[in-house]
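Counting begins at 1 with the first residue of the sequence. Model, not experiment: these values are computed from the prediction.
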Amino acid sequence: MSQKWRVRVRAARHICDTALREAVHFSRPVMRCPPLPESVVPWKTRRMVFIGFHASHEQIAPSVLLDAVIGAERAGFDGAMCSDHLAPWTRAQGHSGFALSWIAAALSRTRFSIGMVNAPGQRYHPAIIAQAFSTLEEMFPGRFWAAMGSGEAINEHVTGDGWPAKHFRNERLRESVDVIRRLMNGEEVDQDGLVRVHRARVWTLPAKPPPLFATAVSAETAAWAAAWADGLATVAQEPEALRLVVDGYRAAGGTGPCILQVHISLAENDETAFSIAREQWVNGLLSPPVTWDLEQPEDFEAAVAGLDDENLRGAVLVDHDAASLAARIAELMEIGFDRVYLHHVGTDQSRFLDASATELIPALKERL
């Protein structure tokens with residue numbers, strides 16, 4: 001707040017405080033001061049901005065990514081989130097650190113909140129996830145969250161089970177989330193449905209279970225998730241499509257934060273920024289349902305062969321100017337999101353963090 005605003009607020013408060021003291025001393029009726037006008041209370045006209053850092057396990061070795069998330073906190077990010085992959089999208093990305101191992105280390109080396117994407121029901125049995133989440137929340141209370149999704153074949157096919165249709169995966173996800181919540185609340189769970197559980201119990205429990213959000217990229221899935229999710233997490237796409245996702249969730253009674261992940265490439269010039277995106281995030285040329293069903297990095301590479309690279313600019317915000325990039329992110333946030341997590345698709349996170357600290361984060365906070 002500027003000095004001018006501080007003076008005006010202090011003056012308004014002094015009038016009210018004086019009236020209250022005189023009312024008490026002279027037994028006068030207490031004067032009820034009207035609310036200060038928004039022009040005098042600038043923080044009432046601007047919502048609090050949460051700017052997070054996204055850690056991509058597909059692209060960066062976990063030890064290097066740990067240094068990056070520590071650097072993100074120092075750079076001024078408000079929190080972080082990470083992906084959870086058994087395989088990268090493409091061979092050029094080349095990594096797939098285990099998210100549950102990494103996030104414990106990351107939480108122990110930082111002070112802000114860190115969440116993760118998770119797909120229970122096939123690769124992960126929900127009882128194991130309940131145990132893992134309970135342990136993380138017990139160790140780092142109030143700092144962990146998870147965004148629950150129905151998964152992608154590239155990570156789930158390894159069990160050797162068939163890859164079911166989307167509607168079945170959604171039903172399995174809902175059952176899994178119910179099991180996880182019951183276990184984190186201390187219940188013994190015995191169930192024989194899409195998810196089978198035999199007399200499971202989690203013995204080490206947090207004081208309060210962590211929030212479980214839903215991932216969704218369509219308005220239909222967002223509306224479906226509103227009945228059970230503690231919040232919504234989605235990824236940047238065309239503004240009108242994003243608006244439908246948020247409106248679908250809220251109209252169906254969805255509560256909690258709406259979270260947006262944005263893929264970006266920021267470099268000294270447009271050519272370099274686009275080259276980084278093309279090298280590391282060419283999978284962005286594909287979208288669901290195609291991305292749900294491919295099993296191997298080579299399958300993604302084959303699927304993008306022959307596609308126009310320029311269309312990648314629709315999936316990744318490519319820019320060389322932090323102020324311009326901040327304006328583009330802010331435009332998406334104004335659709336109705338409470339938090340934004342920025343994923344710089346390059347592997348050199350240190351330069352991105354330096355630019356974030358000095359230019360991008362201040363520019364975003366100025367616009368939101």
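For the salt bridge (Lys or Arg N to Asp or Glu O under 4.0 Å) condition, no pair includes a residue of residues 95-106, sequence neighbours left out. Among pairs with a residue in residues 349-368, those fulfilling ring pair (Phe, Tyr, Trp, His ring centres under 6.0 Å) read His344-Phe352, at least two apart in sequence or across chains. Among pairs with a residue in residues 183-230, those fulfilling ring pair (Phe, Tyr, Trp, His ring centres under 6.0 Å) read Trp145-Phe213, Trp224-Trp228, at least two apart in sequence or across chains. The salt bridge (Lys or Arg N to Asp or Glu O under 4.0 Å) analysis of residues 205-224, with sequence neighbours excluded, yields no pairs. Applying the salt bridge (Lys or Arg N to Asp or Glu O under 4.0 Å) test to residues at least two apart or on different chains, the pairs with a partner in residues 151-167 are Arg123-Glu156. Screening residues 339-355 for salt bridge (Lys or Arg N to Asp or Glu O under 4.0 Å) gives Glu268-Arg351 as the qualifying pairs, with residues at least two apart or on separate chains.
With sequence neighbours excluded, the residues that form a side-chain contact (heavy atoms from CB on, under 4.5 Å) with Leu285 are Val282, Val304, Leu307, Asp309, Asn311, Leu312. Contacts of Arg201 classified as salt bridge (charged side-chain N to carboxylate O under 4.0 Å, His left out), with partners at least two apart in sequence or in another chain: none. Considering only residues two or more places apart in sequence or on other chains, Asp270 meets the side chain to side chain donor-acceptor pair (under 3.5 Å) condition with Arg313.
Listed by chain and number, the hydrophobic cluster partners of Trp163 come to none, as no ILVMFWY side chain reaches under 4.5 Å of it.
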Residue pair Arg169, Gln122: steps toward the side chain to side chain donor-acceptor pair (under 3.5 Å) verdict: CA-CA 9 Å; Arg169 301 200 310 272; Gln122 187 157 329; over 6 Å; no
Taking distance alone, no hydrogens or angles, what donor-acceptor pairs closer than 3.5 Å link side-chain atoms of residues 235-242 to residues at least two apart or in another chain?
unit_1, atom_1, unit_2, atom_2, d
Gln237, NE2, Val217, O, 3.0
Glu240, OE1, Arg243, NH1, 3.2

Please tabulate, for side-chain N and O atoms in residues 86-103, each donor-acceptor pair with protein atoms closer than 3.5 Å (sequence neighbours left out).
unit_1, atom_1, unit_2, atom_2, d
Trp89, NE1, Glu58, OE2, 3.0
Arg91, NE, Glu301, OE1, 2.9
Arg91, NE, Glu301, OE2, 3.1
Arg91, NH2, Glu301, OE1, 2.5
Gln93, OE1, Trp89, N, 2.9
Gln93, NE2, Gln280, O, 2.8
Gln93, NE2, Asn283, OD1, 3.1
Ser96, OG, Leu86, O, 3.1
Trp102, NE1, Pro62, O, 3.3

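Screening Tyr124, Phe144, Phe140 against Phe133 for a ring pair (Phe, Tyr, Trp, His ring centres under 6.0 Å) leaves a single residue, Phe144.
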